[in-house]
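Protein chains get the first letters and strands the later ones, always in sequence-line order, with residue 1 at the start of each. Worth knowing before you read on, the calculation uses all heavy atoms, side chains too, and leaves out hydrogens, waters and symmetry mates. Owing to the predicted nature of the structure, the values given are computational and were not obtained by experimental measurement.
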Amino acid sequence: MDMQKIEKKWQKKWQEIDLAKIDRSKLDKKMYILEMFSYPSGSKLHVGHWYNYGPTDSYARFKKMQGYEVFQPMGFDAFGLPAENYAIKTQIHPKDSTEQNIDTMHKQLQKIGAIFDWDAEVITCREDYYKWTQWLFLQLYKNGLAYRKEAPVNWCPSCHTVLANEQVQQGGCERCGTTVVKKNLTQWFFKITDYAEQLLIGLDRLDWPEKTKLMQKNWIGKSTGAQVQFRCESGDILDIFTTRIDTIFGVSYIALAPEHPLVQKLTARDIQRNVEHYIDQTATMNEIERLSTTKEKTGIFIGHYALHPLTGKKIPIFIADYVLNSYGTGAVMGVPAHDERDFLFAKRFHLPIQPVIYNESDALPYTEYGKLINSKQFNGLMAEVAQEQILNYLEKRNLGYKKVNYRLRDWLISRQRYWGAPIPILYCPACGIVPVPENDLPVTLPYAVEFKPDGKSPLAKSKEFMHTTCPQCGKPATREVDTLDTFVCSSWYFLRYPDSQNREKPFDSEIINQFLPVDKYVGGAEHACMHLLYARFITKVLYDLKYINFDEPFTSLVHQGLILGPDGNKMSKSLGNVVSPDTFIDQYGADIFRLYLMFGFSYTDGGAWNDDGLKSIAKFLDRIERLITKFLQEEKSKQKNFDITSAEKELLYMQNNAIEQVTKDLEAFSFNTAIARLMEYLNTLQKYDALQRKNYQLLRQSIEKFILLLAPATPHFSEEVWEMLGHNRSIFLEKYPICDKNALIREEVEYALQINSKIKCKLMIASKWRQEEIAEYVQTNTEVLAYTENKPIKKIIIVPNKLINIIL
RNA sequence: GCGGAUGUGGCGAAAUUGGCAUACGCGCUAGACUUAGGAUCUAGUGGUUUACCGUGCAGGUUCAACUCCUGUCAUCCGCACCA
């Protein structure tokens, strides 16, 4: 079959009949199926995109045939760092290269033959979209969920530019190799931490992979403990957070994050230089290095003491890089006897290691709970009880309180870059921070801008952009020069699709409430903690602001696996193992490529690419075509034969078995097993076709059922053979077959017979027999008696339709 | 390092609640058809050889373990400015 030809033919037909369009009057049976949109990179559509979009489109078509109004939109996440870097290298403007890439990818996406509703398309770098991204920012700002604070960025002192983590290679700048340092800038944040608890609780209701929910749970990182005040000799108060308040009598030092605001003030004069040196050193390290538990503990005594809130003892204050300013209060109490890291730290700096929890073996550190010792009036209490009582004691004296802490940090959304949505904020010398009025949106990203890195945000160098007037007082004001993190763009795009042409609003609430939440969201597992959490956060905010009536964006989520290069490594230009879909599409066509992706891998696992698999799929489609061609010839010439014998019963069994299994497998995104069942069914069809005496009516019906089952997986091919079979209406307007359970009833079932759990033989047992009848049967059956050798039977275990285990 | 996952024939992979390990396919072997075969069809295909051994490795629970538990090794993904 000429695949290229039929692809064009059917794609044109689908467009003519608006196959991808949803009937908006029938949204009560809607199915919003969404694949994560793609980034329009220069490397174009790759196998990973195909793997995401091809099989998911098959799922969408399957749902369509089941009678759902399927909405499957597609778009582009078009702002971001790569286009800007490409521009710096080539002088090609990010807008131009991005639009060019989108153009190419459109054509490539077209080839898949998916039922994408292109009228709903969303492109995040276009004004009509980022206008509403800016609107979203303003809603958060107005509701106290966007704020500014100082935060460190990676800074290359030689290029005078901010670097993404990705651009830092072994602590150096990827361009010039200069050691990267941390530099504080005032930046915008979204207060996602306000939603930490809701984001945690909401997970329970979601049909998401358990591992993803677990990862989000750990990412949010809820821990319950206590915040305790240590008064410094200077009089300053140091707040520390601990989950082990029961061990407070074992404190032998306090460790501050080197970035802690009190460090400068508390550091003793004579060691100031050493402390500064240590702080500088820490600024060159990333968090992964700092938190490594195998790295030797480092720190430095700052020459100041705090007083123990319960004993009044002097406690030395250190700074240590293993303490992060972003978690808790940026200060911890060191209890060496009962914490791994504190133990190593204390050994290194010869600090006292005082056990306060009893343990039999004396081995330290002992991190379990137990009975308190060396803890004054709390001695003898079990740790859990002691926690409450110590907390009570501290609360009464205003020295501490119970505290729930989250590992989740607020979302830093400022980027000192050009290719993003400008943050809609003005700075007025008189009025201060002024949000851009909604009527003035969008704040347009200027085209002619110097984006080469020279220490200034690119937008700061555009006079026309920078200078404006304050909407409140009318005096000159300047604009915020940072742009929004692209994760902001992608945190709400699924809300725009159903109403993407709306010029008045980001979306019409009534429409959006009908379409959403997304019924099936499909994308990579690498988004588990960031994109998927941000999208949930924004949804919850818009819910609280009453723009939408649902508070979770994605009811059901599936992660496709990663397709690796033929060598088993992740595809990358540097390894030269990138497989381009295009050459295979040209050779085999889109359906064979898609079907291979569905059959050759476990969908959620992915795996290494292999060319041979494609050939086998091509053969599979050839077999189908041959079967149908032969059938059509014979059907015309041969007499029809209507009786149903055992061969027909077997055919009907396999047909309905295939219907049942394929339906179940597609539902579960288990594409490889669905195709396997279809292959089995095709084998049965061929076996039946080889018989002399055939029931042509039944054979036609069986072949048609087969094609209907196959259609979602090979849409163009199936349309073509469907037409060959004499139909003149798209197969996707037909109903997906429904299993006739009666055809699956068999009179006898094969059981495995085990003696002492070892398989001995197979037995055919009437399927209507009860357990007692089976037990009686095996005890009198001569074949079974030969195995039991007259030994007494202790027990018979019968697993229905599976096995019989006789224990001697 | 922390968090999450994965490990099954020569290869891609299957295996409801613990219940016949290796479905389906590739590859390979033999045969048929053919002027020809990298096409098609048929049969076989985990390993030693008649009874065992086999799901990364070492233990454990159970009548029964790929599946549950403990430990361990290897690989992959994420770690907050790649998206």
In B/S/- notation, 5' to 3', how is [range] contacted by protein heavy atoms closer than 4.0 Å?
| range | answer |
| --- | --- |
| nucleotides 38-55 of chain B | --SS-----------S-- |
| nucleotides 77-83 of chain B | SSBBBBB |
| nucleotides 60-72 of chain B | ---BS-------- |

Rounded to whole angstroms, how far apart are [atom1] on [X] and [atom2] on [N]?
| X | N | atom1 | atom2 | result |
| --- | --- | --- | --- | --- |
| A:Met679 | B:A23 | CE | P | 14 Å |
| A:Lys213 | B:A5 | NZ | P | 13 Å |
| A:Ile806 | B:C20 | CD1 | C1' | 15 Å |
| A:Glu210 | B:U6 | CD | C1' | 17 Å |
| A:Ile220 | B:G4 | CD1 | C1' | 15 Å |
| A:Ile759 | B:G19 | CD1 | P | 13 Å |
| A:Leu564 | B:U6 | CG | C1' | 12 Å |

**Between A:Phe137 and A:Trp188, ring centroids under 6.0 Å** =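 Yes, they do, as the ring centres are separated by less than 6.0 Å.
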**Prompt:** Under 6.0 Å between the ring centres of A:Phe343 and A:Phe345?
**Reply:**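 Between A:Phe345 and A:Phe343, which both carry aromatic rings, the centre distance is not below 6.0 Å.
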**Request:** Compare the minimum distances between each of B:C20, B:G19, B:G25 and the side chain of A:Ser616, then state the nucleotide with the smallest one.
**Result:**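 For the A:Ser616 side chain, the nearest candidate turns out to be B:G25.
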Any donor-acceptor pair under 3.5 Å linking the side-chain atoms of [Y] with those of [X]?
| X | Y | result |
| --- | --- | --- |
| A:Trp208 | A:Gln216 | no |
| A:Arg623 | A:Gln686 | yes |
| A:Ser602 | A:Asn672 | no |
| A:Trp419 | A:Thr483 | no |
| A:Asn805 | A:Ser757 | yes |
| A:Arg417 | A:Ser457 | no |
| A:His531 | A:Ser491 | no |

**Asked** Taking only residues two or more places apart in sequence, or in another chain, which ones meet A:Val578 in a side chain to side chain contact (heavy atoms under 4.5 Å, CB included)?
**Response**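 A:Val578 satisfies side chain to side chain contact (heavy atoms under 4.5 Å, CB included) with A:Met571 once adjacent residues are dropped.
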**Message:** Can you confirm whether A:Lys149 is buried at NZ, in the sense that more than 12 heavy atoms of other residues, nucleotides or ligands lie under 6.0 Å from that atom?
**Reply:**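 Correct, the count exceeds 12.
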**Asked** Does atom NZ of A:Lys791 have more than 12 heavy-atom neighbours from other groups under 6.0 Å away?
**Response**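 Check fails, neighbour count at 12 or below.
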**Nucleotide-level pairing of RNA chain B, given in dot-bracket where Watson-Crick and G-U pairs need both distances under 3.5 Å and | marks other strands** = (((((((..(((......[....)))((((((.......))))))(((..)))..(((((..]....))))))))))))....
When the [atom1] atoms of [N] and [M] are considered, how many whole Å apart are they?
| N | M | atom1 | result |
| --- | --- | --- | --- |
| B:C33 | B:A43 | C1' | 15 Å |
| B:U17 | B:C2 | C1' | 34 Å |
| B:C24 | B:A30 | C1' | 23 Å |
| B:A65 | B:U8 | C1' | 14 Å |
| B:A21 | B:G56 | P | 16 Å |
| B:U48 | B:G54 | P | 15 Å |
| B:A74 | B:C68 | C1' | 23 Å |
| B:U45 | B:G9 | C1' | 10 Å |

**A:Phe76 and its side-chain contact (heavy atoms from CB on, under 4.5 Å) partner, picked from A:Leu109, A:Asn101, A:Val122, A:Thr124** =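 Testing each of A:Leu109, A:Asn101, A:Val122, A:Thr124 against A:Phe76, the sole residue satisfying side-chain contact (heavy atoms from CB on, under 4.5 Å) is A:Leu109.
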Rounded distance [0.5 Å steps], [atom1] in [X] versus [atom2] in [Y]:
| X | Y | atom1 | atom2 | value |
| --- | --- | --- | --- | --- |
| A:Tyr588 | A:Tyr596 | OH | OH | 11.0 Å |
| A:Ile804 | A:Ile797 | CD1 | CD1 | 11.5 Å |
| A:Ile617 | A:Leu595 | CD1 | CG | 4.0 Å |

**Message:** Just confirming the chi classification of B:G78, syn or anti, using 90° around 0 as the syn window.
**Reply:**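 Chi for B:G78 falls in the anti range.
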**Prompt:** Hey, does A:Gly561 reach any base, or is it just sugar-phosphate, or nothing, if we go heavy atoms under 4.0 Å?
**Reply:**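 Contact class for A:Gly561: none.
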**Request:** Describe the nucleic acid contact of A:Tyr751 in one word from base, sugar-phosphate, nothing, applying a heavy-atom distance below 4.0 Å.
**Result:**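 The residue A:Tyr751 makes no contact with any strand.
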**Asked** Going through the checks in order, is the side chain to side chain contact (heavy atoms under 4.5 Å, CB included) test met by A:Lys570 and A:Leu562?
**Response** CA-CA 8 Å; A:Lys570 199 171 169 174; A:Leu562 201 62; 4.1 Å; yes
Check nucleotides 14-16 of chain B against the protein and report each pair of N or O atoms closer than 3.5 Å, with its distance, or say if there are none.
residue: B:A14; atom: OP1; partner: A:Ser602; partner atom: OG; Å: 2.8
residue: B:A14; atom: OP1; partner: A:Asn672; partner atom: ND2; Å: 2.9
residue: B:A14; atom: O5'; partner: A:Asn672; partner atom: ND2; Å: 3.3

**Message:** Donor-acceptor pair, distance only, cut-off 3.5 Å: does the side chain of A:Arg409 make one with the backbone of A:Tyr406?
**Reply:**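 Between the backbone of A:Tyr406 and the side chain of A:Arg409 there is no qualifying donor-acceptor contact (under 3.5 Å).
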